[in-house]
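As structure tokens, the structure follows; a few thoughts come after it.
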Amino acid sequence: ESFWSYLRQERVVLILVFIATYKLGDEILFSMNTPFLMRELGVTKGQMAWLAGFVGSFAAIVGTMLGGWWIKKTGLKRAIWPLTLLMNINILAYLILAIQKPSAATGSGVLWIALIHGYENIAAGLGSAALTVYLMRLCSVKYKAAHFAIGTAIMSLGSTFVGGFGGLMVEQFGYTNLFLLGFAATVPSMVLLFFIPH
């Protein structure tokens, strides 16, 4: 009953496609993030531990908290567009890294990589906050837990399907084209923002 009640929502097909594609571009980026940094830019294991463990984790927490504050201040309807745009632009920041290829062996190169990596995690946190609040808004009072579980399961479809093909895509297209593909994958959810109920 909880599952069918979720599917009886207004414009449910658009909602399901939106949820499934919302973080698709970010998932394409994330699937090959670490190999790109280590193989293409020469980031060492020690640097990667610092980037992921300190810079990335701290930035993701900041981004999620900032996204939550933004939604509380302006409301989801007004906040979701800029939060989504900021989340998706981070893919273009990685595109800059793929083109310029700063070396992790230099101080300026590591700083540039850390700034982009930190921004990527802040932006991912902003998008996660927006999507989490949106999923919560779709939950009925009677089936809160079940509806939220259904929403998060649909949200994970992108990473489930894309994650396993990231390496294959890099072999076929290279990192620059992978990041371009990732940005292109953000377009459907941004278009759907005009049509889904808020």
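Among all heavy-atom pairs drawn from Leu135 and Cys139, the shortest one is O-SG, 3.2 Å. Across Pro197 and Glu10, no two heavy atoms sit closer than the pair CG-O, 3.9 Å. Pairing each heavy atom of Ile150 with each of Ser2, the nearest pair is CD1-O, 4.3 Å. Across all their heavy atoms, Tyr94 and Leu29 have their closest contact at CG-CD1, 3.5 Å. Taking each heavy atom of Ala114 and Leu51 in turn, the nearest pair found is CA-CD2, 3.6 Å.
Within the 4.5 Å cutoff, the side chain of Pro102 has heavy atoms near those of the Ile113 side chain. Side chains of Leu138 and Ile19 form a contact here, defined as non-hydrogen atoms less than 4.5 Å apart. Looking at heavy atoms from C-beta onward, Leu41 lies out of side-chain contact with Ser103 at the 4.5 angstrom threshold.
Put simply, the side chain of Gln100 never gets that close to the backbone of Leu97: no donor and acceptor are under 3.5 Å apart. With hydrogens and angles ignored, the 3.5 Å screen pairs no side-chain donor or acceptor of Ser140 with any backbone N or O of Ser5. Panel note: side chain Ser156, backbone Ala153; a donor-acceptor pair is recorded below 3.5 Å.
Here salt bridge (Lys or Arg N to Asp or Glu O under 4.0 Å) pairs that include residues 113-134, with residues two or more places apart or in two chains, number zero. Pairs passing the salt bridge (Lys or Arg N to Asp or Glu O under 4.0 Å) check and including a residue from residues 90-108, sequence neighbours excluded, read Glu40-Lys101. Residue pairs meeting the ring-ring contact (aromatic ring centres under 6.0 Å, His included) criterion with at least one member in residues 99-144, sequence neighbours excluded, are Phe18-Tyr134, Tyr143-His147. Residue pairs meeting the salt bridge (Lys or Arg N to Asp or Glu O under 4.0 Å) criterion with at least one partner in residues 126-143, sequence neighbours excluded, are Glu1-Lys142.
Between the side chains of Tyr22 and Thr84, at least one donor N or O lies within less than 3.5 Å of an accepting N or O.
Cluster membership for Phe30 and Phe54, using ILVMFWY side-chain heavy atoms within less than 4.5 angstrom, is not shared. Following chains of ILVMFWY side-chain contacts shorter than 4.5 Å, one can reach Ile28 starting from Ile96, so the two form part of one hydrophobic cluster. With hydrophobic clusters built from ILVMFWY side chains whose heavy atoms lie under 4.5 angstrom apart, Met136 shares a cluster with Leu16. Neither Ile61 nor Ile116 shares a network with the other; the hydrophobic side chains, linked directly or stepwise wherever heavy atoms of I, L, V, M, F, W or Y lie under 4.5 Å apart, form separate groups for each. Val62 and Val55 fall into different hydrophobic clusters, where Ile, Leu, Val, Met, Phe, Trp and Tyr residues are linked whenever their side-chain heavy atoms come under 4.5 Å apart, directly or through other members.
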Which pairs would a plain distance check flag for residues 64-78, meaning a side-chain donor or acceptor within less than 3.5 Å of a matching protein atom at least two apart in sequence or in another chain?
| residue | atom | partner | partner atom | Å |
| --- | --- | --- | --- | --- |
| Thr64 | OG1 | Ala60 | O | 2.8 |
| Thr74 | OG1 | Trp70 | O | 3.0 |

Review item, side-chain donor-acceptor pairs of residues 179-195, under 3.5 Å, at least two apart:
| residue | atom | partner | partner atom | Å |
| --- | --- | --- | --- | --- |
| Thr186 | OG1 | Phe183 | O | 2.5 |
| Ser189 | OG | Thr186 | O | 3.1 |

Pair Tyr6-Ile154, side-chain contact (heavy atoms from CB on, under 4.5 Å): steps then yes or no: CA-CA 12 Å; Tyr6 193 85; Ile154 294 164; 4.3 Å; yes

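Within 6.0 Å of the CZ atom in Arg11, the count of heavy atoms belonging to other residues, nucleotides or ligands exceeds 12.
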